[in-house]
Amino acid sequence: MTAVGDVAVDPSVDGAAPLVGEAARLVEEARSFLGRTPGPTRVARDPVNLPMVHHWSQALGDRNPAYLDPDGSSRGHLVAPPGMLQTWIMDAPRDPSAPSPSDEVMRRLDAAGYTSVVAVNYEHEYVRELLHGELVSVRTYAEDLSQEKQTALGPGYFTTTVYEYLVGAEVVGIGRMRILKFKPPVKADVGERVRPAVGRDNAFFWEGVEARQLRIQKCGGCGVLRHPPAPLCARCGSTEQGYVVAVGRGVVYSHVTHHYPPLPGVETPHTALLVELEEGVRIISELAADADPADVRIGLPVELVFQKVPGGQLLPAFRPVA
Amino acid sequence: MTLSRKAAVVGIGATEFSKDSGRSELQLAAECVLTAVADAGLEPSDVDGLTTFTMETNSEINVARVAGLGDLTFFSKIGYGGGAACATVQQAAMAVATGVADVVVCYRAFNERSGHRFGSGLSRSEPTSEGIAMSWVSTFGLMTPAAWVAMFARRYMHEYGATSEDFGRVSVADRKHAATNPKAWFYGKPITLEEHQASRWIVEPLHLLDCCQETDGGQALVVTTTERARDLAQTPAVIAGAAQGAAKGQESMVSYYRDDIAGLPEMGLVADQLWAQSGIGPEDVQTAVIYDHFTPFVLQQLEEFGFCKRGEAKDFIADGAIELGGRLPVNTHGGQLGEAYLHGMNGIAEAVRQIRRTAVNQVPDVDNVLVTAGTGVPTSGLVLSADH
């Protein structure tokens, strides 16, 4: 590794953008924690015991008598399933003021922006079988830290943590967990959606949205339902207006998917819907963010949800009926 | 020819006058219009024309929709603040004197004291009815003309089985004509249907090549009497028909709430007037300039004008009928997709050239040309004819 100005350049990394400044410093600092010196030992809350073995065996469908049946076990005593090695120290108390070397590595990768984790592989090496009543402890060290790699998930570092499982001072098993710490892809900041224009003729509608209701104007004179709302009834001329709350079901009457140009507060592709509500009026809305635009067809039954759009505005949206 | 004594004021109506009306400007407008109509002894559905000020925040179509008026064949806004007052009546008189409309209401309504005060220099506290109307779509990310049109296009495809390729044939025809028009932006650049299909999405179901270009430019036209025209420099293009249309349930670009949204009823209203005024029909038109900001509405317009039955435009255009040499060459200048997008005004000029028989893509024996204006909005149309 050579440093040019404040830019650290590693010629061994294919296609990886050089790390700049603080991030480079943090990664180099993380490397200083690599090595075989383990961190503090953490001791299991409970000794190896039959109830936990029962849960495990049932969950995995492993009915090996060596784990469950003292009379059927050829050893003359029960042993713990080897695969349970890690479970004995899960939730083992941890002293936050005494981080392990691998904790130190993770903290620095987090601080450098590599905040997401995906496990790559996990190997176990079993030294001997565990007996009921034995109290397992664990200590860890950070074995390696790769150069920055470009992955499908984003740029990141592979790092391996070694777990030494002990009973007393005896090493009974070793675990190697390799993970990728990566920078999550940054969603482009699309800005804020335009706010609805709220006047006295349509305030009831937006007050309804705040209360998570879809309100349809109902004429106080002739009872006709109408959307968009109006201050007078075009049918009877009444200026008395009430509303009903839509049950929230309808069908797609038409739909479009916006690709271009970029719009404030709109993540593309964006599907807008013209929904015909069960009450008989149509309303423009949009597809719920968790729904797939490819599922949308004219005639598709949809149901109402409320969701926040970029900028924080709460809006009614629709998704396919489950 | 004179306007004098051809028209009369027959109804007046107002709201109370206050410092705080307590209701929206749109409600004030609708109330005063309905009161005036009642004073005249007429029904709201008798009204077929509206005039107002450019400063009015309530458009003619919003007032018509809320007040339950009928189809509008005349609507006009006049500029220059208070200077428009008597001109609203002048334009109404011209409309009824010529039969363009039968009953025209002139209106002006606002909350000038409790809302936006002209003298205050402050911005208004309440959105206008126009702002609210657009907000019903923009809030949900439906913000561009392409998106507004695409919503209609999708429904049209669903109801009549039209495809994106059918829309593409409009684009191919326009670009074919532009390719031989030296004034066209896309001169020498025809496209194929495959290129149309391969062009990127703008708003599904519309591709890039379904959308007209954007243009810097200007276009003007001079109108005088037919009698005087005969003594001037050019072969006259006689205005055999001229009409406006805003149909029931009309919104600007987003009339999604009518029973049927697969047609263009405002254009049907224009068509009926044009054929009635000019005394001709679709079979008498040799070439047409059909407004083409987006391809799908060209199909609906061919149907509204009776060149084919509803839903059959895709069949009508399938074998090159709208290309030069076809049954009805459309947009011989290249249209707005191919020549230039000047809000339709360049298309009127092309119709004049076809009547003069000076177009670069001249259609033989042109006597009558149909010209249409923007679609999805309250619109207009012309029949221009040779002077014989």
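Within every chain, numbering begins at 1; the chains are lettered A, B, ... in the order of the sequence lines, protein sequences first and strands thereafter.
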A.B. asks: Identify which part of A/Val266 has an atom lying under 4.5 Å from any heavy atom of chain B, answering side chain, backbone, both or neither.
C.D. replies: side chain
A.B. asks: Residues of residues 135-145 of chain B under 4.5 Å from chain A (heavy atom pairs)?
C.D. replies: B/Ser135, B/Trp136, B/Val137, B/Ser138, B/Thr139, B/Phe140, B/Gly141, B/Leu142, B/Met143, B/Thr144
A.B. asks: Check whether more than 12 heavy atoms from other residues, nucleotides or ligands sit under 6.0 Å from atom CD of B/Glu112, and answer yes or no.
C.D. replies: yes
A.B. asks: Give the member of A/Gly237, A/Ala197, A/Ala230 that has the highest number of heavy-atom pairs under 4.5 Å with chain B.
C.D. replies: A/Ala197
A.B. asks: What part of B/Glu159 gets within 4.5 angstrom of chain A, counting heavy atoms only: side chain, backbone, both, or neither?
C.D. replies: side chain
A.B. asks: Sort A/His255 into side chain, backbone, both or neither according to what part of it lies under 4.5 angstrom from a heavy atom of chain B.
C.D. replies: both
A.B. asks: Less than 4.5 Å to any heavy atom of chain B: does that hold for the side chain of A/Pro316, its backbone, both, or neither?
C.D. replies: both
A.B. asks: Looking at B/Met157, B/Arg258, B/Met134, which makes the most heavy-atom pairs under 4.5 Å with chain A?
C.D. replies: B/Arg258
A.B. asks: So what's closer than 4.5 Å to chain A heavy atoms on B/Arg65: side chain, backbone, both or neither?
C.D. replies: backbone
A.B. asks: Chain B heavy atoms under 4.5 Å from A/Leu263: which part of the residue, side chain, backbone, both or neither?
C.D. replies: side chain
A.B. asks: Around atom CG of B/Asp216, are there more than 12 heavy atoms from other residues, nucleotides or ligands closer than 6.0 Å?
C.D. replies: no
A.B. asks: Could you tell me which portion of A/Tyr253 (side chain, backbone, both or neither) has an atom closer than 4.5 angstrom to a non-hydrogen atom of chain B?
C.D. replies: both
A.B. asks: Is chain B contacted by the side chain of A/Cys233, its backbone, both, or neither, given a heavy-atom distance below 4.5 Å?
C.D. replies: backbone
A.B. asks: A quick test of your reading: do over 12 heavy atoms of other residues, nucleotides or ligands sit less than 6.0 Å from CH2 of B/Trp185?
C.D. replies: no
A.B. asks: Start with the C-alpha gap between A/Leu274 and B/Arg154, add the side-chain angles, then the distance that decides, and say whether side-chain contact (heavy atoms from CB on, under 4.5 Å) holds.
C.D. replies: CA-CA 11 Å; A/Leu274 178 59; B/Arg154 177 86 73 184; over 6 Å; no
A.B. asks: Tell me, side chain or backbone of A/Arg193 under 4.5 Å from chain B's heavy atoms, or both, or neither?
C.D. replies: side chain
A.B. asks: With a sphere of 6.0 Å drawn around CZ of A/Phe306, does it hold more than 12 non-hydrogen atoms of other residues, nucleotides or ligands?
C.D. replies: yes
A.B. asks: Taking the side chain as C-beta and beyond, is there a heavy-atom pair between B/Glu251 and A/Pro228 under 4.5 Å?
C.D. replies: yes
A.B. asks: Rounded to the nearest 0.5 Å, what separation is found between the NE2 atom of A/His259 and the CD atom of B/Glu204?
C.D. replies: 3.5 Å
A.B. asks: Please check if the number of heavy atoms outside B/Lys314 that lie under 6.0 Å from its NZ is greater than 12.
C.D. replies: yes
A.B. asks: Answer whether the closest heavy-atom distance between the side chains of A/Ile284 and B/Met151 falls below 4.5 Å.
C.D. replies: yes
A.B. asks: How long is the gap from NE2 on B/His158 to CZ on A/Arg297, to the nearest 0.5 Å?
C.D. replies: 12.0 Å
A.B. asks: For A/Val309, is it the side chain, the backbone, both, or neither that has a heavy atom closer than 4.5 Å to a heavy atom of chain B?
C.D. replies: neither
A.B. asks: Would you say CD of B/Glu43 has more than 12 non-hydrogen atoms from neighbouring residues, nucleotides or ligands within 6.0 angstrom?
C.D. replies: no
A.B. asks: Taking only heavy atoms into account, what residues of residues 26-34 of chain B are found under 4.5 Å from chain A?
C.D. replies: B/Leu26, B/Gln27, B/Ala30, B/Glu31, B/Leu34
A.B. asks: So do B/Ser129 and A/Asp201 actually touch side chain to side chain, heavy atoms under 4.5 Å?
C.D. replies: no
